[in-house]
There are 2 protein chains.
Amino acid sequence: MSNELTIGRVAKGTGCNVQTIRYYEQIGLLPLPRRSEGNQRLYDDSAVQKLSFIRHARELGFPLQAIRDLISLADRPDKSCEAADAIAREQLEDIGKRLQRLQALRSELERMVEQCKGGRIADCRVIETLGDHSLCETDDHVLPKVRP
Amino acid sequence: MSNELTIGRVAKGTGCNVQTIRYYEQIGLLPLPRRSEGNQRLYDDSAVQKLSFIRHARELGFPLQAIRDLISLADRPDKSCEAADAIAREQLEDIGKRLQRLQALRSELERMVEQCKGGRIADCRVIETLGDHSLCETDDHVLPKVRP
DNA sequence: ATACAGTCTACAGTAACTATAGGTTCAAGG
DNA sequence: CCTTGAACCTATAGTTACTGTAGACTGTAT
């Protein structure tokens, strides 16, 4: 069977919300879908696939531009996949950094929550701890260039 | 010594960039600093401390609103610290989720990069893998195969 | 037949910055 | 003292990736 889905069902299926799907279409990331008699979007499996790809990549932390690049690479399957590989590698490196930082920060937060047990703010370490850089294991903010 | 710093020095010291400091001031997160004769901002240690707190919290993933809340809590040190604790706990939970997902995604990316070794895109799994949800360990958006 | 959930377009708003233009201030070198 | 160039100032616009709203239309379940 043709298995065409309305935008709402696609949204549910992919965990993406309806406006976001329309947004992706608008910026040219998703192809224009066919429309019903009443002008409603109807998606086939390939569109769902593509959206899954996009969402998945977004969750991996790829910016839309990188995703756009990957898609356009995919449309020229004769080329070497070096470029796609490079994008993935770059992203991988970034993810490694983010993981490390998140882990360090989690233990810090855990300690904070542990220390703050129904006391008063005067004795509460949450705020103090957050102001104190010496307790932080990641030493990458002595110099600028944050924002990954 | 009075130890007053220009905005640029504060920026370097905290890893925050100059515009961002002005932005924080503009949205009322940082107090108005005193100015030099020539109208340039001059910061004392307490401002640097506060900015450190903000940056640190941002790195922990706190949104500016949560930070605003924490700051206003800190200004009423007689209250119970339950509220601050709640904010931290909430954030901690969120970080846990992000960690899990990032870890899952990293192994996926690693596999992708591994499989894509100088081949052609036709044989390259980077794009395919990113479209394939079955390989993903987080299953929070599963497709409803047929209409319920 | 009607209710009502889902969809449509168009546009405004959000978070958290980042960049630009066009001017002023400050510290160092000649 | 004068100049030069980096750092600073304000104001405004742009960025990314969405999210929300208004007001009208469609599709379907009862």
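Every chain is numbered from 1, with letters handed out A, B, ... down the list of sequences.
- Protein atom CG of B:N17 is 8 Å distant from nucleotide atom P of C:dA19, rounded to whole Å.
- Here B:R41 does not reach the OP1 or OP2 of D:dC8: none of its side-chain N or O atoms lies under 4.0 Å away.
- Distance A:Q65 CD to D:dT16 C1': 11 Å, rounded to the nearest Å.
- Although no hydrogens or angles enter the test, the distance criterion places no donor-acceptor pair under 3.5 Å between the side chain of B:D45 and the main chain of B:V48.
- Under 4.0 angstrom from either OP1 or OP2 of D:dT26 there lies no side-chain N or O belonging to A:N39.
- For the atom pair CZ (B:R58) and OH (B:Y24), the distance works out to 5.5 Å, reported to the nearest 0.5 Å.
- B:I21 places none of its side-chain heavy atoms less than 4.5 Å from the side chain of B:E25.
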>> For a side chain to side chain contact (heavy atoms under 4.5 Å, CB included) check, start with the C-alpha distance between A:Y23 and A:L64, then their side-chain angles and the critical distance, and finish with the verdict.
In response: CA-CA 12 Å; A:Y23 167 71; A:L64 290 181; 4.1 Å; yes

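- Rounded to an integer number of Å, the gap from CD of A:E37 to P of D:dT26 is 11 Å.
- Applying the 4.0 Å criterion to OP1 and OP2 of C:dT25, one finds that B:S36 has every side-chain N and O outside that range.
- Taking B:R34 as the reference, B:E4 meet the side-chain hydrogen bond (donor to acceptor under 3.5 Å, both in side chains) condition, with sequence neighbours excluded.
- The phosphate of D:dT26 has neither OP1 nor OP2 within less than 4.0 Å of any side-chain N or O from A:R35.
- The residue among B:P63 and B:Q40 whose nearest nucleotide of DNA chain C lies closer to the 5′ end is B:P63.
- Atom CD1 of A:I67 and atom C1' of D:dT16 are 12 Å apart (whole Å).
- Scanning residues 19-33 of chain A for heavy-atom distances under 4.0 Å to DNA chain C yields A:R22.
- Atom CD1 of A:I7 and atom C1' of C:dT7 are 8 Å apart (whole Å).
- Here the C1' atom of nucleotide C:dA5 and the CZ atom of A:R9 are 12 Å apart, to the nearest Å.
- What separates CG of B:L42 from C1' of D:dC8 is a distance of 11 Å, to the nearest Å.
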> Could you walk me through whether A:R68 and A:L29 pass the side chain to side chain contact (heavy atoms under 4.5 Å, CB included) check?
Replying inline: CA-CA 7 Å; A:R68 209 187 283 276; A:L29 211 55; 4.0 Å; yes

> Checking side chain to side chain contact (heavy atoms under 4.5 Å, CB included) for the pair B:R35/B:R41: CA distance, chi angles, key distance, verdict?
Replying inline: CA-CA 5 Å; B:R35 301 290 186 116; B:R41 288 166 179 84; 3.4 Å; yes

